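This structure is a prediction, so every number in the text was calculated from the model and none was measured. Every heavy atom of this structure was used, including side-chain atoms; hydrogens, water molecules and symmetry mates were not. All ligand and atom numbering here is 1-based and tracks the order in the structure.
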Amino acid sequence: MSDRVYIFDTTLRDGEQSPGATMNAKEKVRIASRLEALGVDIMEAGFPAASEGDFAAVQDVAAVCQKSSVAGLARTSKSDIDKAWGAVQHAKHPRIHTFIATSDIHLEHKLKMDRDQVVEAAVNAVKYAKSFTDDVEFSAEDGSRSDRDYLCRVFEAAIAAGATTVNLPDTVGYAIPHEFAELVKYVMEHTPNIHQAILSVHCHNDLGLATSNTLAAIQAGARQAEVTVNGIGERAGNTSLEEVVMAMHTRPNYLDFHTNIVTEQIHPASRLVRMITGIMVQPNKAIVGANAFAHEAGIHQDGVLKNPMTYEIMRPETVGLSKNNMVLGKHSGRHALRSHLADMGYVLSDEELQDLFIKFKDLADKKKHVVDEDLEALVSIGILRTSDKYSLDYLHVSAGTGVKPTATVGLKTNGDVLMGAEFGNGPIDAAFNTIAKMTGTTSEMLRFTVSALTGGTDAQGEVTVRLQEGKNIALGRGVDPDIITASAKAYVNGINRLEYLRDNPVISDKDVVENE
Ligand code: KIV
Ligand code: ZN
């Protein structure tokens, strides 16, 4: 029997650290349910000490997860660990994940601590976390740039203090696969009690090597991989879940390991994360990119028709790309909608279903075939963001040759509908100017992207905006058959996310490292 590799998903924590990818509690819970269906062993739901909003979101995730363990991240301070435990304690399988940097550059310039002090902080943190739960993970931040023997010393001390998982992060994405595998081997051979814990790796993708480094580490003895869906995360992102899992699945002769992942859930999970975070997946992204299974060259198409194995190393169905994605139309009823949504993993309350059904009918009037992506957009935007401050209620634009582009906008807020009108350089600009004036936003638009949600001329337009207000950055996303409406929805969505960030300020990372 091949060895099991545990999949630790950090989409809701490191993934959320992608610029602008902030999620509210409802969105996190929705992704968490999908991650459970995907079969992740552990999900890191957030960093509870970072903000009140994140604390509440981790609590909500902990309350719904039945199978996956739920981890909360904490620095080594007691107050961080108290918050992490406060947030995960009601999970069926709670985990506290505490971390401190171990590289000299971090010790000297960031922590201003010496090596002994860091060992002491790590040990105290693990012991304190252990007083709450048996399942404690310790991470040596910047582990790949740490002195090898010191790293082994810290791990040995953390395991002796009770850590059941020790994690070796390549925090800055600096490692090279062969080198990283050597480091893992060294840790396995020079940490006397390493077999009392699971060795984990957590790689960032700054050099595009996160998946390679993770696989090399697994071959060298690591048995937990820390990953995110679509590879989202801090800077260039984290190791992508789908790449690591499918590499092991597709090449068992070379990578003789197994995971608990239900591979057919990979695409639905990828789509949901894209929908909710607004972070697009590049078309040529392995496994989940729009072109990952598209054969363009005639010779390839011919080969695939004769035998898919000529050019396909994986079947699209294996990763959840269904061939008959065409689902519902304007004659479909509430029951068909409910049951199709359930097949897609969305179990909605009667009230949510009623709300969605109205939106679905409205869409089906404009678009002949409503496909999974359309439904996912309706769910992610229509249902999940009901606690938003503003929603777009009305939009009328007039534009054309010889006409000064004008927009009239109705925004619903606190039960009232406010009306406003402004001019602009074009209809989208006019709509944005109106919304900006009505909400009083001082945000700057850093990026504006338009794409089609699916193929076909009746595809819905998908717009993402990236807004900055002070130090806060938020992505906004809107989907609608009308591209101007999609743009207005995206802008309103971005402004709502900035409002959320303003109400839930993330604490400054001023290194609360000493244990009281
Ligand atoms: O990249 C990193 O080092 C981290 C740790 C908190 C595990 O995200
Ligand atoms: Zn990280």
- N/O to N/O below 3.5 Å, does that happen between His202 and ligand 1? yes
The answer for which part of His106 has a heavy atom under 4.0 Å from ligand 1 is neither
Residue, atom and distance of the protein heavy atom nearest atom 6 (C) of ligand 1 read Arg13 NH2, 3.6 Å
Within the 2.8 Å cut-off the protein N, O or S neighbours of the Zn ion (ligand 2) are Asp14 OD2, His202 NE2, His204 NE2
Taking only non-hydrogen atoms of His204 and a 4.0 Å limit, the atoms of ligand 1 in range are 1 (O)
Any Lys/Arg nitrogen of Lys83 or Asp80 sitting under 4.0 Å from an Asp/Glu carboxylate oxygen of the other?
no
The answer for which part of Glu226 has a heavy atom under 4.0 Å from ligand 1 is neither
Give yes or no for whether the N/O distance cutoff of 3.5 Å, strictly under, is met between Ser139 and ligand 1. no
Interatomic distance, CD@Glu137 vs CD1@Ile96, rounded to 0.5 Å, equals 12.0 Å
Thr171-ligand 1 polar pair, N/O distance under 3.5 Å | yes
**Asked** Looking at Phe47, is Arg13 sitting on its ring face, NZ or CZ under 6.0 Å from the six-membered ring centre and within 45 degrees of the normal?
**Response** no
Glu27/Arg497 salt bridge by N-O under 4.0 Å criterion: yes
- Determine, step by step, whether His97 and Phe8 satisfy the ring-ring contact (aromatic ring centres under 6.0 Å, His included) criterion, reporting the C-alpha distance in whole Å, the side-chain angles of both residues, the deciding distance to 0.1 Å, and the verdict. CA-CA 11 Å; His97 177 194; Phe8 175 112; 5.8 Å; yes
>> With the threshold set at under 4.0 angstrom, would you say Glu234 reaches ligand 1 through any of its heavy atoms?
In response: no
- Message: For ligand 1, which is the ligand I care about here, please tell me if Asn167 has any N or O atom under 3.5 Å from one of the ligand's N or O atoms.
- Response: no
Between Lys28 and Glu16 (salt bridge meaning N to carboxylate O under 4.0 Å), is one present in this structure? yes
| query | Is Glu108 paired with Arg115 through a side-chain N to carboxylate O contact shorter than 4.0 Å? | reply | no
Those residues at least two apart in sequence (or on a different chain) that pass side chain to side chain contact (heavy atoms under 4.5 Å, CB included) with His249 are Met246, Thr263, Thr318
**Asked** Using 4.0 Å as the upper bound for N to carboxylate O, is an ion pair formed by Glu499 and Lys389?
**Response** yes
(Q) Looking at Glu242 and Lys285, is any side-chain nitrogen of the basic one under 4.0 Å from a carboxylate oxygen of the acidic one? (A) yes
One thing to verify: whether Asp60 and Lys26 come together as a salt bridge, which I'm taking to mean a side-chain N less than 4.0 angstrom from a carboxylate O.
no
Heteroatom proximity flag, Glu141 to ligand 1, N/O under 3.5 Å: no
